[in-house]
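Here the structure is laid out as structure tokens; the discussion comes afterwards.
Bear in mind that the values here come from a model prediction, so they are computed numbers and not experimental data.
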Amino acid sequence: MVDILIRNGFVVDGTGRKGQFADVAVQSGRILRIEPDMQVEAVRTIDAAGRVVSPGFIDDHTHGDQFFLFGTDAYNLLEQGVTTEITGNCGGSIVPYHEGLLDAVRGMVPDELVEQVRQGTQDFRSFVQLASRTPTGTNMAFYVGAGNLRAKVVGFSDAKPTPAQMDEMKALVAEAMACGFLGLSSGLVYPPSVYADREELTELCRVVAAHGGCYVSHIRGECDTVVEAVAEAISIGETAGCDVVVSHHKIGGKANAGVSAVTLGLIRDANRRGRIRVLADQYPFTAGHTALVSVLDPVFATEGVRVLVEKLADPGFRRRVADNLHQPDSQSLIRFSGFDGCLIIGASRTPDCVGRTIADIASERHADPTETLFDLIVDNRGDADAAYFYQNEVDMLAILASPYTMGGSDCGHNVAHFDPETPGGQHPRAVSTFPKHLRMVRERGLFSLEEAVRRITLQPARMVGLADTGVLREGFRADLCVFDWEHVSETNDYLHPHRRNLGIDHVLVNGQIAVENGVYTGIRSGAMLWKGK
């Protein structure tokens, strides 16, 4: 007798090969057998007639490491078919700890839990121990953030590291890689990661390359400077000798519509040269999401974000920041979205602003929109987020269709189980990236079902070197998704981001049913996945 038998499904194994009708038997968290019309008894049988049985989806870009140690379960990822998340992105990881890293959660979770996390993230070995005994809904694999390294060793200064500081950061990267981290992430618009130049990042990536790791980058610009920024990421990887992932690839600014032909050409050409592999991940939406404070020039954040927020109380400092913000060559997202395209989706201390644009809030207050932006940052002590509508749909579709693109939600874990009709509070990508990805592929006929599955399962697993996942094979982890290819889709939007998806029927993580009939069961059967372990 086996633990679970999935009968009558159309099995798409993740390799890109043509699917077949077969049964899948699961025993002790592993795939025991895959064959048609299996004659075996099971503790639990799932009838997958009319459904696809695939590997669980791998979310190539999350920020779940910032949440799971505080008790989240990742249900918003599980309910979209994700069984494994690759986290620690955009240069900001939960480890190594640096002063101020946990400020945002203080007062929101018990002090003793904050202290436990602080102690457990001082170094990579302590983190591995803490993470491995923390229950989680998904499997998790980790990058180390270049921003954390700089904050710990150099501080938030924009100064070039001394040789001794570089040696210290390189030693930290080596320690992370020895502990099973995937590689290095950078966030080259966020302080202090933004202050790292190409030479610094290349030296750190040489250490990554020596351990067979990957460099993933929120590149230095996604609008007017996007071509140069993609080229920089590829150059760092080729010089250092490590593979590269361009994070949440997009093209912003109306004047840049169509530029994805150039950036995707750079990625294609790098792969043809064959020195390294280069891929990108994407969430298929035309609005991005980041903190309001991130639209300000990082030149003002060299003392840290907390000090920047405090300084915004000073009218003279505000004038300097405003003058910089409105320069013709500014790369601030506000310049490309406009205040009417900046929708507040998170504001812990001014919740009445959620679901409204800065333009609308300013109009109601009879205030200048720039001053309203500053007020929202100050009133929320820097803890305010927005969706910025600045991306070009033509490029979003071209990137989706590229053979070098994986799926990545760029989200964290929901901190509570929200009623689906709860208004606002997050970007819809946190709930529906993968169902929307599949729907758009299907409706536009971009490529086959088998190829669609490969790009969000085996391709990301192979890119970062994750063993025994991302493909349906006997002996591999029983991470599976049972879904309705003809009807899988999202139902949410920016005003109602918590609405559930259609067509994601069952999700198994390490052989346990985490989602049944589209709803999270409460099971936390995820594991920590360490490279080379």
Given side-chain hydrogen bond (donor to acceptor under 3.5 Å, both in side chains), test His437 with Gln282 step by step and report yes or no. CA-CA 9 Å; His437 175 106; Gln282 181 202 44; 5.0 Å; no
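- Using a distance-only test at 3.5 Å, with no hydrogens or angles considered, no donor-acceptor pair links the side chain of Ser54 to the main chain of Val12.
- Side chains of Tyr190 and Val305 form no contact here, defined as non-hydrogen atoms less than 4.5 Å apart.
- Side chain of Arg442 to main chain of Val488: a donor-acceptor pair is present (N/O by atom type, distance under 3.5 Å, no hydrogens or angles).
- Separating the CD atom in Glu490 from the CZ atom in Arg500 is a distance of 16.0 Å, to the nearest 0.5 Å.
- Within the 3.5 Å criterion, the main-chain N or O of His496 finds a donor-acceptor partner in the side chain of Asp493.
- The environment of CD in Glu41 is sparse: at most 12 heavy-atom neighbours from other residues, nucleotides or ligands sit within 6.0 Å.
- Remark: the backbone N or O of Gly526 is not paired with any side-chain donor or acceptor of Thr136 at under 3.5 angstrom.
- Side-chain polar atoms of Glu115 and Gln119 form a donor-acceptor pair below 3.5 angstrom.
- Expressed to the nearest 0.5 Å, how far CD1 of Ile86 lies from CG of Asp65 amounts to 12.5 Å.
- Interatomic distance, His506 NE2 to Arg51 CZ, rounded to the nearest 0.5 Å: 10.0 Å.
- Under the 3.5 Å distance criterion, the side-chain polar atoms of Gln512 are left unmatched by any main-chain donor or acceptor of Leu508.
- With a 6.0 Å radius and a threshold of 12 heavy atoms from other residues, nucleotides or ligands, Arg444 has its CZ atom at or below the threshold.
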Could you give me the CA-CA distance, side-chain angles and deciding distance for Ser186 and Ser193, then say whether side-chain hydrogen bond (donor to acceptor under 3.5 Å, both in side chains) is met? CA-CA 6 Å; Ser186 66; Ser193 192; 5.0 Å; no
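- In summary, the side chains of Ser409 and Asp59 do present a donor paired with an acceptor at a separation below 3.5 Å, with no hydrogens or angles considered.
- Put simply, CG on Asp37 and CZ on Arg7 are 7.0 Å apart, with the number rounded to the nearest 0.5 Å.
- Between Phe127 and Phe181, the ring planes lie tilted relative to each other; the angle falls in the 30° to 60° range.
- The 12-atom threshold is exceeded at CZ of Arg118, counting heavy atoms of other residues, nucleotides or ligands nearer than 6.0 Å.
- Between the side chains of Glu85 and Thr138, at least one donor N or O lies within less than 3.5 Å of an accepting N or O.
- The backbone N or O of Gly475 sits nowhere less than 3.5 Å from a side-chain atom of Asp468 that would complete a donor-acceptor pair.
- Here Ser217 contributes atom OG and Leu201 contributes atom CG; the two are 7.5 Å apart, rounded to the nearest 0.5 Å.
- Distance alone, capped at 3.5 Å, is enough to place a donor-acceptor pair between the Asn76 side chain and the Gly412 backbone.
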As a quick check of understanding, evaluate side chain to side chain contact (heavy atoms under 4.5 Å, CB included) for Met440 and Leu397, giving each step before the final call. CA-CA 9 Å; Met440 295 179 72; Leu397 293 172; 3.4 Å; yes
Before you tell me yes or no, could you show the steps for Thr457 and Phe57 under side chain to side chain contact (heavy atoms under 4.5 Å, CB included), namely the whole-Å CA-CA distance, both residues' side-chain angles and the distance that decides it to 0.1 Å? CA-CA 5 Å; Thr457 56; Phe57 308 147; 4.2 Å; yes
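- Electrostatic pairing of Arg125 and Glu175 counts as a salt bridge here, judged by a charged N lying under 4.0 Å from a carboxylate O.
- For the pair Ser448 (side chain) and Glu451 (backbone), a donor-acceptor distance under 3.5 Å is present.
- Remark: the backbone N or O of Gly145 is paired with a side-chain donor or acceptor of Ser93 at under 3.5 angstrom.
- The existence of a salt bridge linking Glu450 and Arg454 is excluded, since no basic side-chain nitrogen approaches an acidic carboxylate oxygen closer than 4.0 Å.
- Defined by atom type and a distance below 3.5 Å, a donor-acceptor pair is missing between the side-chain atoms of His427 and Asp385.
- The closest side-chain heavy-atom distance from Leu32 to Val40 is not below 4.5 Å.
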Kindly indicate, with the supporting measurements, whether the criterion side chain to side chain contact (heavy atoms under 4.5 Å, CB included) is fulfilled by Gln116 and Leu130. CA-CA 9 Å; Gln116 173 184 303; Leu130 177 59; 3.7 Å; yes
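- Taking SG from Cys205 and NZ from Lys170, the interatomic distance works out to 11.5 Å, rounded to the nearest 0.5 Å.
- Separation of the Tyr283 and His289 ring centroids does not fall under the 6.0 Å cut-off.
- Open room surrounds CG on Asp111; 12 or fewer heavy atoms of other groups in view lie less than 6.0 Å from it.
- The shortest non-hydrogen separation linking Gln27 to Asp3 is OE1-N, 3.1 Å.
- His63 and Asp410 form a side-chain donor-acceptor contact under 3.5 Å, judged by distance and modelled atom types alone.
- In this structure, Ile523 and Ile513 approach most closely via the heavy-atom pair CG1-O, 3.5 Å.
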How far apart are the C-alpha atoms of Thr433 and Gln80, what are their side-chain angles, what is the distance that settles it, and do they pass the side chain to side chain contact (heavy atoms under 4.5 Å, CB included) test? CA-CA 7 Å; Thr433 287; Gln80 52 183 303; 3.6 Å; yes
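- Put simply, the side chain of Asn139 gets close to the backbone of Ala527: a donor and an acceptor are under 3.5 Å apart.
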